[in-house]
Structures are given as C-alpha cells and as structure tokens.
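Every chain is numbered from 1 and lettered A, B, ... according to where its sequence line falls, protein lines coming before strand lines.
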Amino acid sequence: MSTAEPVFSNFIRSIIDEDMANGKWAGRVATRFPPEPNGYLHIGHAKSICLNFGLANEYGGTCNLRFDDTNPSKEDVEYVDSIMDTVRWLGFDWQDRLYYASDYFEKLYQYAEALIQKGLAYVDDSTPEEIRAARGTLTEPGQHSPYRGRPTQENLDLFRRMRAGEFPDGSRVLRAKIDMASPNINLRDPTIYRIKHVHHHRTGDQWCIYPMYDYTHCISDALEGITHSICTLEFEDHRPLYDWCLDQLPVPCHPQQIEFARLNLEYTLMSKRKLLLLVQEGHVAGWDDPRMPTLVGLRRRGYTPGAIRAFCERIGVAKRDSLIPMELLEKAVRDDLNLTARRVMAVLDPIKVVIDNYPEGQVEHFEAPYFPDDPPAMGNRPVPFGRELYIEREDFMEEPPKKFWRLAPGREVRLRWAYFVTCTHVVKDDQGRITEVHCTYDPATKGGDAPDGRKVKGTIHWVSAAQSLLATVRLYDRLFTHANPAADKEHDWRQLINPESLKTLTWARLEPSLASAQPGEMFQFERKGFFCADLEEHAAGKPVFNRTVTLRDTWQKIVAADKGK
RNA sequence: UGGGGUGUCGUCAAGCGGUAAGACACGGGUCUUUGGAACCCGCAUUCGCAGGUUCGAAUCCUGCCACCCCAGCCA
C-alpha cells in the first residue's frame, strides 16, 4: 500500500551501526515504546513508535510495548486499550512482548531495599515543602535533609512499614543518596518512592507505595534487556540518574539512553494536558475529533497508517528543536491516497444547471473509470446524466477574470465523462442571486471528446440532480490560527483556536455510486480533495463524509497571488 | 553569574579534514477529459559570529552570540 521510503541516515542509526560493528550487544537491537497510559496517543508519539519499532525491524531486533504505569492517580485502562489499538493500527506488532512497569513492582521494591542496604537510599520524613526548600536552586547547592544520616536498619524498617501501609500519603519518601551539591538537580537525592494509597488499574490495592519514573524506567529497560533506550530531549538531564541506578544495582544489563527532539507540528498542539482541555472544555468533539492531532483523530479524518509512517520517516530524527510544516503531513496523505483512492464526483456547494436542448425526462449512463490514471486497476461505475444537473457554485462566474477557465456566459466547458456544454444565460432570484445556469450541450461530444478536434480549456465535475444523493460533508481546516500556538506569549492558546476549523455542509450532492460507501472508506472527490466516510456517523441513506485533505490547488494560488497585488 | 543540549537553504535534514545529499516549499516548463497526478529544469561559492590550525575546515582549536530544557512526592 505505501511504497518503501528510502532510509535516511540519522545519529541514532549511526550509534547502532557502531554498536553492531563493535559487537557491543552481540548484534542485538532491542528497543521499547514506553507510553504512560494517561492519555491518547498523538502524532508526536507516532514519531517515537515509528522510530522504535522501525529501528527494531531494520536491524532484525525487537521492540517491546511497555506501559509506564507508575502513577495510578493519573492512569486508566481506557488509555491502555486505546494505545494498543493505535499502535496496531499504525502497523506495528509487539508480538508477545507486552509489558507493564507495574509487573516489576516487586523487583523494583527488592532493588530499593538493596540500595538501602548499600547505604545509597534513605527514608525522608520531610514534608514536600521542606524537600523543595532544601533542594537549592539552579545556581545554589541544596542542603542535606536531617534524615539523610539515618542508620540502614532504621531505613529498612521504615521502608517496609511504608510498604505495609503504616503511613499516610505524603508523610515520607524514599530518596536515593547521591549528591545534594550536584549542579544537576536530578542528582540532588531524588525521590524514588512515594506513598499513595491509590487503587492501581492493574495491581489493585496491592501497593500503597509507587516508584518514580527515573528509578523505574532504567530498571525496567535493564530487566527487558533493552539495548537502546530512546527518549525525548527533556530527559537528557536525567541520563546521569538513569546510569547511576543501573551502576549501583545488580541488573542484567545497562542499556544506553539516547535522546532525540520530539515532534512539533505547525498549527496544532502536542501537550497532553492541553489536548485534554480541548476535549474537556468542548472546543472539539472528543479525542477522535478529526481536527485533533491524536492518532484516533487523524484516523477519523482519513489519514492512513502508511501516510503517517511515511511522514515520520521524512521528518527525520535529530536533536535540534524543530517545527514541521503541516504541508509535509498533508503531502504524505496525498501521496498515499493518490495511489489508492477511487475517483468519484461530488458537488459540495451545488448550483443547478439546466441543459435546455437535452430531452426532458431522458437519462443516460456514462461508464466512468474509478481510477483514470490506470482504468483497469479499479474498474468503472455508471454515472447518470440528465437535463438537470448540479455543478460547483464556484465553477461558474458571470464575469470571469482572465485565467478563469471554467463556466461563464458564452463559454464552453467539458462536463467530465459527459458532454461539452455552453452557457447561454442565467436565472436569478429577487436578491439577484443566481438560481440556475442554463446551457446547451453538443451531442457530438458524448463522452467528453469533440470529433472535430475542438479543445476546451476547462473540465468540471457535476452530478445529476435527480439521482444525486444529499449528503453532509465536513470541511476541516487547521485547528489553530497561529503556527505555534504554544509559543505565543500574548494570547492564551485557547484564543488562537481557528473559528473556521470546521465547516459543515448539509446540502452537498454525491453521485449515486457513493450509496454503497462504507464507514472509513476513502475517495477522491475529483477536483475537491480526499474524503472519507465518517467512521461514526456515516450510514446508508445518511451519508457523512470528512475531508481529509484538499487537492493541491493552483487556481487558489493564482487567486491569492492576485489578491496580494 | 549553575548544569545539560542545539545552531547547515523559507522549513526539515545529510555531512564526521578533501572542497555543501535529499525532502517539503518555491519558481519555470512538458503533458493532461481532475487548474489533480506524472515528468523535466532551477533553487546554500556557503554551513550562528569572530579568530586560529592546515596545502585544504561545515567538519579540528579558542572566544563570543542566540535559542531550548532542568529546582514534581509527574512522565
């Protein structure tokens, strides 16, 4: 379905190549995709998924799916189910390697006792405020906690009692004893366990202490035999802690953490928190609203897994912050759909056309190819033609500008697959609004070719008024008016939501072949764009289509350029 | 005035001492029963800036500048 993309060099591939050459991991490549089940996956996660699973595939290695579920107060099974669906939909397979950090709670706990035994961790009775105050600042070192010197046995006893549920939330934590004067704040005795009397979606009420990310992630990686632990840039500062934990503990191996720049896409947001607010505050219809950058949203919009994979490969992987143009994502779907979507005709904003010299009541059917670039590939469908048709309102102009090639008084155009027609006159209502465009057709041009060799500059799409299907069509545009809404300092990001991000057309007209369209099916509405039958609301007799992306529109560019002058 | 990163075309991004890949965008053209697609051509004498080393530097050295991240019992 998608053509193979060329493989580009990037710094992670270089690291792996070198490891392969040195035999560092005995030719093994093991990665993992480690989402926290606290939200829906978005296009930024797709970059990470494609990277981790992609690398594993390329090097004949493995990629695990591991839920980083160490904070039960934010997590839910709703999210784990959705994440698994989405990763599969994207086209990746973790086979039998589905893991949860919570599977390691007991081991993690034993390792923590080992740390205490080594004098490298202690129970701190300070309040969260006291801990914060003693942490120091970016330029000043922190102060030792009064509990830092607690004897090993006391630490062990207290930690066991923490596990046993003897203490309330927030009363104590277990901290790694590293260096309160470190210029790297992550090394100033980081908290590795906290007390939370919270029900966990997998372990239930088995635990009331939960390990922190830094402590959990490195050990989970080691337990799974991960070779290359790929994460985003903000964890660069955490790498010394990742390495410290693994150096102190008798873990099976020591994976290498590698950081890359996460994806930023123009005209949208990638923050899980803000995406949640978009949903909660009703700015969008849900996580799968086709305007959302979530993968469920993109899927409902009509984006294909192949397009998303191609996009992720094309944007590359590096360490510098970047903002990717929306056009690149759009280009990726167009490239994919251009090869796979059947071409049909649909009139989004109809205006009636009457062919005055066409016999009243007559209907004929044209066999139109679904894929004109290679007709045998997808076959034909019959398209009815009659005296009354609809064409796109914007395909007619009473006073056409210079480069306008479409219908206008006295102008002859081709009705795709049908006849040449010439506009004779228009009929208007009281308001002066055009209600009908009258034409004559040339019977000799049946099929769309003139036997006399006469050429016509414009070809427009149409549907037969009598046989067309009334449909709802949703036109989606970028969700925000600002290319980087998260970076705008002047406005709250909510003020930057594009009021025209959704236009719902309820009077669109479809050619009758579309009556059998199934939810999720993709089509190209010729000259308008790629559309998909809505996954949720499309039904036979009540068609609902979403515009995935427009076609490249040179005419609009000309119009815009003229306006700019 | 702490630490960690990053600066190569409008936007991404290769390049790893031998004389600036590619993609998107953009401009021009061919073709076209989608102003789509396809195809062709063009598009950084220059790599944040300033010095230095070298026969030779985007690549090495020195200094400077800009931007991003870090003070959760979040991940």
In terms of side-chain heavy atoms of [X], which of [options] is nearest?
X	options	answer
Lys319(A)	rG5(B), rC70(B), rG15(B)	rG5(B)
Thr459(A)	rG2(B), rU34(B), rA23(B)	rU34(B)
Ala318(A)	rG15(B), rA13(B), rA71(B)	rA13(B)
Asp553(A)	rC68(B), rG35(B), rG5(B)	rG35(B)

Does [X] contact [N] through a side-chain donor or acceptor facing the base, at a distance under 3.5 Å?
X	N	answer
Asp373(A)	rG36(B)	yes
Glu266(A)	rU11(B)	no
Asp237(A)	rG3(B)	yes
Arg406(A)	rG35(B)	yes
Arg320(A)	rU8(B)	yes

For residues Tyr40(A) and Glu78(A), is any side-chain donor paired with an opposing acceptor at under 3.5 Å?
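Tyr40(A) vs Glu78(A): donor-acceptor pair found between side chains.
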Answer yes if the side chains of Ser182(A) and Asn184(A) hold a donor-acceptor pair under 3.5 Å, and no otherwise.
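No, no side-chain donor-acceptor contact under 3.5 Å.
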Qualifying salt bridge (charged side-chain N to carboxylate O under 4.0 Å, His left out) pairs with a residue from residues 126-140 of chain A, counting only residues at least two apart or across chains:
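Sorted pair list comes back empty.
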What is the separation between atom [atom1] on [X] and atom [atom2] on [N], rounded to the nearest whole Å?
X	N	atom1	atom2	result
Asn338(A)	rC39(B)	CG	C1'	14 Å
Glu327(A)	rC24(B)	CD	P	12 Å
Glu526(A)	rG36(B)	CD	P	13 Å
Asn10(A)	rU8(B)	CG	C1'	17 Å
Arg552(A)	rC24(B)	CZ	P	11 Å
Ile324(A)	rA25(B)	CD1	C1'	13 Å
His461(A)	rG35(B)	NE2	C1'	13 Å
Leu138(A)	rC70(B)	CG	C1'	7 Å

[N] - base-pair partner by Watson-Crick or wobble geometry, distances under 3.5 Å:
N	answer
rG27(B)	rC41(B)
rA57(B)	none
rA14(B)	none
rC67(B)	rG5(B)
rU19(B)	none

Under the side chain to side chain contact (heavy atoms under 4.5 Å, CB included) test, residues paired with Pro183(A) that sit two or more places apart
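So Pro183(A) forms no side chain to side chain contact (heavy atoms under 4.5 Å, CB included) with any residue.
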So, the side chain of His217(A) versus the backbone of Asp214(A): is there a donor-acceptor pair under 3.5 Å, distance only?
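No: the side chain of His217(A) does not pair with the backbone of Asp214(A).
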Looking at the angle O4'-C1'-N9-C4 for a purine or O4'-C1'-N1-C2 for a pyrimidine, is rG72(B) syn or anti, with syn meaning within 90° of 0?
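Syn, which is what one calls it when the glycosidic angle falls within 90° of 0.
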Would a line drawn from the ring center of [X] to the ring center of [Y] be shorter than 6.0 Å?
X	Y	result
Tyr419(A)	Tyr441(A)	yes
Phe159(A)	Tyr109(A)	yes
Phe385(A)	Phe366(A)	yes

Relative to Tyr100(A), does Arg202(A) satisfy both conditions: NZ or CZ under 6.0 angstrom from the six-membered ring centre, and within 45 degrees of the ring's axis?
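Ring-cation test returns yes.
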Where each residue is assigned the nucleotide of RNA chain B containing its nearest heavy atom, which of Trp555(A) and Leu328(A) is assigned the position nearer the 5′ end?
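Final value for this comparison: Leu328(A).
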By nearest heavy atom, map Phe11(A) and Phe530(A) onto RNA chain B; which one lands nearer the 5' end?
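Final value for this comparison: Phe11(A).
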Determine the contact category for [X]: base if any of its heavy atoms lies under 4.0 Å from a base atom, sugar-phosphate if only primed atoms, P, OP1 or OP2 are that close, otherwise nothing.
X	value
Phe404(A)	base
Gln556(A)	nothing
Arg343(A)	base
Ile315(A)	sugar-phosphate
Thr554(A)	sugar-phosphate
Lys557(A)	sugar-phosphate
Val317(A)	sugar-phosphate

I'd like the P distance from rG48(B) over to rC12(B), given in whole Å.
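rC12(B) and rG48(B) have their P atoms separated by 15 Å.
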Less than 4.0 Å between a side-chain N and a carboxylate O, is that true for Lys331(A) and Asp335(A)?
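So Asp335(A) pairs with Lys331(A) through a salt bridge.
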Please list, pair by pair, any protein nitrogen or oxygen found under 3.5 Å from a nitrogen or oxygen in nucleotides 73-75 of chain B.
| residue | atom | partner | partner atom | Å |
| --- | --- | --- | --- | --- |
| rC73(B) | OP1 | Arg135(A) | NH2 | 3.2 |
| rC73(B) | OP2 | Arg135(A) | NH1 | 3.4 |
| rC73(B) | N3 | Gly170(A) | O | 3.4 |
| rC73(B) | N4 | Ser126(A) | O | 3.0 |
| rC73(B) | N4 | Pro128(A) | N | 3.2 |
| rC73(B) | N4 | Gly170(A) | O | 3.0 |
| rC74(B) | OP2 | Arg194(A) | NE | 3.1 |
| rC74(B) | OP2 | Arg194(A) | NH2 | 2.8 |
| rC74(B) | O3' | Arg194(A) | NH2 | 3.2 |
| rC74(B) | O2' | Asn71(A) | ND2 | 3.0 |
| rA75(B) | OP1 | Thr70(A) | OG1 | 2.6 |
| rA75(B) | OP1 | Arg194(A) | NH1 | 3.4 |
| rA75(B) | OP1 | Arg194(A) | NH2 | 3.0 |
| rA75(B) | OP2 | Tyr213(A) | N | 3.0 |
| rA75(B) | N6 | His238(A) | NE2 | 3.4 |

Kindly confirm whether the side-chain ring of Trp405(A) is stacked on the base of rG35(B), judged by centres under 5.5 Å and planes under 30°.
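Stacked: ring centres under 5.5 Å, planes under 30°.
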